[in-house]
Protein chains: 2
Amino acid sequence: MAAYDPQTKLFKAVGHPARLAILDVLRDGEACVCHMETALGYRQAYISQHLMVLRDAGLVQDRRDGWNIFYSVINPGVFDVLSAAQSATGSHGAPRTHSRKIENCPCPHCNPVAEAAAC
Amino acid sequence: MAAYDPQTKLFKAVGHPARLAILDVLRDGEACVCHMETALGYRQAYISQHLMVLRDAGLVQDRRDGWNIFYSVINPGVFDVLSAAQSATGSHGAPRTHSRKIENCPCPHCNPVAEAAAC
DNA sequence: TCATCTTATTCGTAAAACCGAATGTCTTTT
DNA sequence: AAAAGACATTCGGTTTTACGAATAAGATGA
């Protein structure tokens, strides 16, 4: 049944807790790897590996900005899939205690560097 | 992240074309194994193996009635997940050419045995 | 009880996923 | 050019999944 391949690809990509956690972070918009690192507490290489899976599945795209590479979900429809799964299982993922900004995060989004400070 | 385990379990179970096809058959209500066999063209053991996965994931339940064992989806919410995935991918599964009843299907639902015939 | 029908399970091997460790690449700053 | 920062990729080894083949199990009719 090749007719189910697209959905299978999607489900396979999403069938991993780390990847679900990453996508949950991306609900707040694009995020760089170092942000996910501090937000989720995973190793950098580990996150990159899972991002590779999500990229190969066509779920996320990356954009370079200086040092950082920002990831974002290509098709917002995947969030509907995640939400449907949350409803179906009755489990609503990880509590979104941390909002978009994280205190000790080195990423430019969380630390809008007081860039003029050193001048 | 143990918080994502329920959804991960769901996605892993659903991340296989044969299992998606089976669930698609179950949209029309309960079905016995031999019905899926003729509806999908898979081997009996193959179907049973995938049904085992779906059962272990808590997605389907079985009910015995004489010779046949009828399977059905426990939580209709999974259909919402499937539908969301179809919308997200733009692929709407296999064309439902065969309706509930299949011509040469030996199952009692398709062949409401003219049981009084022999008497 | 025996034969038959429907379905489940076990077995073995090939393939794929997982993940820690190490290393490579690209960019920016000096 | 060299150093440093932010990510990506490759490389094993372990675990998990896939699936054909064979066999087992439970219910029914003779």
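Protein chains get the first letters and strands the later ones, always in sequence-line order, with residue 1 at the start of each.
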(request) Please determine, for the side chain of A:W67, which listed nucleotide (D:dG29, D:dT9, C:dT29) has the closest atom? (result) C:dT29
(message) Under a 3.5 Å distance rule, please check whether A:R19 uses its side chain to pair with a backbone N or O of A:A21 as donor and acceptor.
(response) no
(request) When you get a sec, tell me which of C:dT10, C:dC18, D:dT28 is the closest nucleotide to the side chain of A:R19? (result) C:dC18
(message) To check you understand the geometry: which heavy-atom pair defines the closest contact between A:F11 and B:A85, and what is its length?
(response) CZ-CB, 3.4 Å
(message) Can you give me the closest heavy-atom contact between B:Y42 and B:E37, atom names plus distance?
(response) O-CG, 3.3 Å
(message) Suppose we call a contact any N or O donor and acceptor under 3.5 Å apart; does that hold for the side chain of B:Q44 and the base of C:dA8?
(response) yes
(message) Nearest whole Å is fine: how far is C:dT9 P from B:L54 CG?
(response) 13 Å
(message) Looking only at the aromatic ring of each residue, does the gap between the centers of A:H16 and A:H50 stay below 6.0 angstrom?
(response) yes
(request) Report yes if a donor N or O on one partner sits less than 3.5 Å from an acceptor N or O on the other, where the partners are the side chain of B:Q49 and the base of D:dT17; otherwise report no. (result) no
(message) Looking only at the side chain of B:N68 (C-beta and beyond, no hydrogens), which of the listed nucleotides D:dA6, C:dT7, C:dC18 gets closest?
(response) C:dT7
(message) Can you identify which nucleotide, out of C:dA22, C:dC19, C:dT28, has its nearest atom closest to the A:Y46 side chain?
(response) C:dC19
(request) Let me know the distance between CZ of A:R43 and P of D:dT10, rounded to the nearest Å. (result) 17 Å
(message) I want to confirm an ordering. Mapping A:D65 and A:G15 to their closest nucleotides on DNA chain C, which one lands closer to the 5' end?
(response) A:G15
(message) Any heavy-atom pair between the side chains of A:V53 and A:L59 that's under 4.5 Å?
(response) no
(request) Using whole Å, report how far CD of A:E30 lies from C1' of D:dA6. (result) 15 Å
(request) Whole angstrom is fine here: how far is it from NE2 in B:H16 over to P in D:dT16? (result) 18 Å
(message) Without decimals, in angstroms, what is the distance between A:I69 CD1 and C:dT27 P?
(response) 9 Å
(message) If you assign B:C34 and B:K12 each to the DNA chain C nucleotide with the nearest heavy atom, which residue ends up on the more 5' nucleotide?
(response) B:C34
(message) In this structure, how many angstroms lie between the P atom of C:dT7 and the OH atom of B:Y71, rounded?
(response) 9 Å
(message) If I take atom CZ in residue B:R55 and atom C1' in nucleotide C:dT9, what distance separates them, rounded to the nearest angstrom?
(response) 10 Å
(request) Give the rounded distance in Å between these two atoms: CD1 of A:I22 and C1' of C:dC19. (result) 13 Å
(message) Let's see if you can work this out: which of C:dT7, D:dC19, C:dC26 has an atom nearest to the side-chain heavy atoms of B:V33?
(response) C:dT7
(message) With a 4.0 Å cutoff (strictly under), does any side-chain N or O of A:H50 reach OP1 or OP2 of C:dA17?
(response) no
